[in-house]
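For the numbers below, each heavy atom of this structure counts, side chains included, while hydrogens, waters and symmetry mates do not. Chain A is the first sequence line, chain B the second, and so forth, proteins listed ahead of strands; every chain is numbered from 1. If you're wondering where the values come from, they're calculated on a predicted model, not measured in any experiment.
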Amino acid sequence: MAKNVNPDREAAGRKGAHDRAVLTAQRTGCYIVLGILSFLCLFFFYILLINSTRAHAQIQQGFSFLPGKSFITNFKSLMANETIPVVRGLINSLIVAGGSAALSVYFSALTAYAIHAYEFKGKGAIFTFIMMIMVVPTQVSALGFIQLVGNLGLMNNFIPLIVPAIAAPVTFFFIKQYMDSVLPMELIEAARIDGAGEFRIFNQIVLPLMKPAIAVQAIFTFVSSWNNYFIPSLILNKAEMKTLPILIAQLRGADFLKFDMGQVYMMIAFSIFPVVIVYILLSKYIVGGVTAGSVKG
Amino acid sequence: MKKQKKLVSYAKWGYIFLIPFFTVFIIFNLIPLVSTFYNSFFENYEIGLIQVGPTPVGLENFKTIFTDGDLGKYFTNTMIMWALGFVPQMFFSLLLAVWFTNSRLRLKGTSFFKTVIYMPNLIMASAFAMLFFALFSDIGPVNNILARLGIGQYRFLAEVAGTRGLVAFMNFLMWTGNTTIILMSGIMGIDESLFEAARIDGASSWRIFWGITMPLLRPITAYVLITSLIGGLQMFDVPQILTNGGGSPDRTSMTLIMYLNKHLYSHNYGMAGALSVILFVVTGILSMIVYTYTMNNYDGSGSLSKKARAKRKAEKKQMREQKKESKAAQATSSQHA
């Protein structure tokens with residue numbers, strides 16, 4: 001009997017060992033690919049970081065993996081550069097992105113609440129309509145948009161960059177999905193019985209409950225507005241109104257080689273790293289938020 | 001009586017809360033869209049300081065834009081750069097999504113990798129392009145490294161393949177993380193027991209991928225494909241900054257939106273309008289395809305739409321029939337036994 005069992009066991013053991021070896025090999029392969037991709041995603045930003053700390057002369061001499069000592073010099077010369085008003089650009093970008101994010105999430109939540117909480121004629125049609133306009137790219141109406149903005153006398157004004165964020169079908173859709181899963185109608189009825197008005201119910205009961213979805217959507221709206229180049233470049237042409245992407249384009253348009261490269265890298269770093277820092281702090285919510293509420297069936 | 005009155009007054013609030021959205025939509029989206037379309041039927045441009053038009057010319061702008069040859073060229077450029085970025089993006093996204101969700105592999109540090117690979121998506125595209133312009137210029141660090149490795153110089157931004165390749169590479173870096181996360185949520189939506197059953201039956205991971213994951217993931221992959229295609233048609237920031245709006249070398253990296261942007265800057269509104277209409281129609285058709293794939297299971301109330309309900313009913317009926325058939329088959333086979 002024992003003779004019969006042992007070879008079986010041995011075979012099973014060998015098979016297990018083989019499986020484990022295969023699994024280890026597979027894992028190693030996975031880590032190599034992931035490592036290469038991560039390297040590609042980080043490498044260019046690493047060079048950016050290094051070169052923003054090096055002086056123009058050093059950069060021209062060739063590439064180095066070690067940081068230089070000119071970070072503060074580069075920063076100071078960028079601040080002093082009057083043709084590229086980065087501080088003004090930063091403030092402008094903050095105003096536009098912050099304003100868009102705030103308006104977008106508040107009014108998207110309000111729109112979502114209208115569809116979620118009330119029964120009225122044409123509700124289904126309105127929802128379908130909002131879903132349909134979600135995919136219309138802003139570029140196709142850009143021509144009419146700049147004409148309208150010109151006619152309204154709003155060129156070089158932040159209003160046409162901030163106010164349109166109120167009608168944000170994507171933000172609406174995400175918040176609506178979240179609302180469907182967390183907001184019971186009983187809660188609203190209870191508040192009504194307590195005598196709260198509809199508007200107050202929304203502001204004081206619904207909005208706080210929507211916080212997680214609102215936070216994620218606020219980040220996404222902020223970032224996409226911060227990065228937006230096409231429409232702002234058509235509307236803002238006064239130096240003191242320009243946002244960071246427009247200044248970057250201006251830097252690109254200028255005669256490149258005459259520039260202090262340390263300053264160029266510092267300028268790019270100046271536009272990129274605020275978002276990177278925010279991302280590192282909030283990555284958990286952002287990565288989770290990409291699909292939150294979407295793909296429902 | 002009273003109760004009914006109350007219901008009616010609540011419905012009113014639904015409309016009131018929709019007012020801001022639709023007011024802004026009509027002013028800043030609908031009116032511009034209509035006037036863009038309207039513009040496309042007018043001859044309206046500037047030569048130096050002379051303003052020509054606007055005079056109505058019917059479909060003349062469309063004729064010009066289709067026959068002067070540039071539209072086709074820019075469309076081809078856009079599609080080539082999109083495809084060069086999309087194919088590797090889809091390949092790696094599928095690979096990563098399968099690995100991250102594989103319960104046998106149990107990879108460590110997945111959230112770190114996801115965080116890192118998703119990051120370029122949030123980077124300002126114009127700054128990213130400016131960075132690549134500096135890094136890949138003739139005297140930039142990348143050429144410096146290539147020279148040191150003994151490979152020699154490559155003038156990325158003077159070569160068609162180099163410029164298109166860089167644009168595609170940037171799009172690849174920017175969108176792989178995003179697509180991975182979307183595909184992952186799709187794979188996680190697949191019933192885990194299907195994978196287990198296949199594994200117990202001894203199917204290899206290769207067969208599981210092609211036999212179970214891919215077919216069940218088809219709606220999501222279709223969604224990713226078409227949304228990416230729509231995004232690809234809108235490609236602008238990266239090639240615009242990288243080539244300083246010129247689409248160099250010899251306009252081989254000029255995209256459709258760069259073309260539109262050029263017309264807008266030179267106040268050539270007739271052509272800009274015609275181009276916008278064409279883009280609108282193409283995007284519209286692509287979007288309809290997305291809709292039939294993803295949205296017909298959903299309507300505003302969170303319940304199934306009529307169409308989806310009918311579909312589900314049909315499916316159920318089919319299943320019932322299949323069951324009956326298999327029962328009948330069983331019955332006959334057991335009779336034979």
Please look at [X] and chain B and tell me whether the side chain, the backbone, both or neither of the residue comes under 4.5 angstrom of a heavy atom of that chain.
| X | result |
| --- | --- |
| A/Phe270 | neither |
| A/Thr138 | neither |
| A/Phe43 | side chain |
| A/Lys121 | both |
| A/Ile47 | side chain |
| A/Tyr229 | both |
| A/Ile146 | side chain |
| A/Ile130 | side chain |
| A/Met267 | neither |
| A/Phe273 | neither |
| A/Leu148 | side chain |
| A/Ala165 | neither |
| A/Val223 | side chain |

Contact origin within [X] toward chain A - heavy atom pairs under 4.5 Å:
| X | result |
| --- | --- |
| B/Arg104 | both |
| B/Phe21 | both |
| B/Leu107 | both |
| B/Tyr265 | side chain |
| B/Ile145 | side chain |
| B/Thr243 | backbone |
| B/Leu242 | backbone |
| B/Ser205 | side chain |
| B/Leu279 | both |

Calculate, to the nearest 0.5 Å, the distance between atoms [atom1] and [atom2] belonging to [X] and [Y] respectively.
| X | Y | atom1 | atom2 | answer |
| --- | --- | --- | --- | --- |
| A/Cys30 | B/Leu95 | SG | CG | 7.5 Å |
| B/Ser126 | A/Gln250 | OG | CD | 12.5 Å |
| B/Ile19 | A/Thr111 | CD1 | OG1 | 11.0 Å |
| B/Trp13 | A/Phe202 | CH2 | CZ | 12.0 Å |
| B/Leu135 | A/Ile268 | CG | CD1 | 7.5 Å |

Please identify, among [options], the residue contributing the most non-hydrogen atom pairs under 4.5 Å to chain A.
| options | answer |
| --- | --- |
| B/Gly231, B/Gly14, B/Ser276 | B/Gly14 |
| B/Gly245, B/Ser111, B/Ala125, B/Pro141 | B/Pro141 |
| B/Asp237, B/Leu131, B/Thr283, B/Ile278 | B/Leu131 |
| B/Val277, B/Val142, B/Ile241 | B/Ile241 |
| B/Arg106, B/Lys114, B/Gln240, B/Arg148 | B/Arg148 |
| B/Tyr38, B/Phe113, B/Phe92 | B/Phe113 |

Original post:
For the side-chain contact (heavy atoms from CB on, under 4.5 Å) test, which of B/Thr115, B/Ile123, B/Leu173 pairs with A/Cys41?
Top reply: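 When side-chain contact (heavy atoms from CB on, under 4.5 Å) is applied between A/Cys41 and each of B/Thr115, B/Ile123, B/Leu173, only B/Leu173 qualifies.
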For the candidates [options], which exhibits the highest count of non-hydrogen atom pairs separated by less than 4.5 Å from chain B?
| options | answer |
| --- | --- |
| A/Ile166, A/Leu143, A/Ile219 | A/Leu143 |
| A/Val278, A/Val149, A/Ile248 | A/Ile248 |
| A/Leu247, A/Val276, A/Leu34 | A/Leu34 |
| A/Leu37, A/Asn227, A/Ile280 | A/Asn227 |
| A/Phe199, A/Phe107, A/Tyr265, A/Trp226 | A/Tyr265 |

Any side-chain heavy atom of [X] within less than 4.5 Å of one from [Y]?
| X | Y | result |
| --- | --- | --- |
| B/Asn39 | A/Gln147 | yes |
| A/Phe45 | B/Phe128 | yes |
| A/Arg192 | B/Tyr10 | yes |
| B/Leu264 | A/Phe230 | yes |
| B/Met119 | A/Leu42 | yes |
| A/Leu234 | B/Asn261 | yes |
| B/Trp99 | A/Arg27 | no |
| A/Phe145 | B/Leu33 | no |

Practice task
Quick one: do B/Leu18 and A/Phe120 satisfy side-chain contact (heavy atoms from CB on, under 4.5 Å)? Show the steps, please.
Solution key: CA-CA 12 Å; B/Leu18 287 174; A/Phe120 52 88; 3.7 Å; yes
(Q) Run B/Leu256 and A/Gln139 through side-chain contact (heavy atoms from CB on, under 4.5 Å) and show every step you take. (A) CA-CA 10 Å; B/Leu256 289 170; A/Gln139 288 96 329; over 6 Å; no
Q: Taking all heavy atoms of A/Ser271 and all of B/Ala127, pick out the closest pair and write down the distance.
A: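 Answer, listing the atom of A/Ser271 first, then B/Ala127: CB-CB, 4.2 Å.
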* Could you check A/Ile286 against B/Tyr118 for side-chain contact (heavy atoms from CB on, under 4.5 Å), going step by step and ending with a plain yes or no? => CA-CA 10 Å; A/Ile286 295 175; B/Tyr118 181 72; 3.8 Å; yes
Kindly indicate, with the supporting measurements, whether the criterion side-chain contact (heavy atoms from CB on, under 4.5 Å) is fulfilled by B/Thr36 and A/Val140. CA-CA 8 Å; B/Thr36 302; A/Val140 302; over 6 Å; no
| request: Evaluate the ring planes of B/Phe22 and A/Phe129, with Trp represented by its six-membered ring, and classify them as parallel (under 30°), tilted (30 to 60°) or perpendicular (over 60°). | output: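 Ring orientation of B/Phe22 relative to A/Phe129: parallel.
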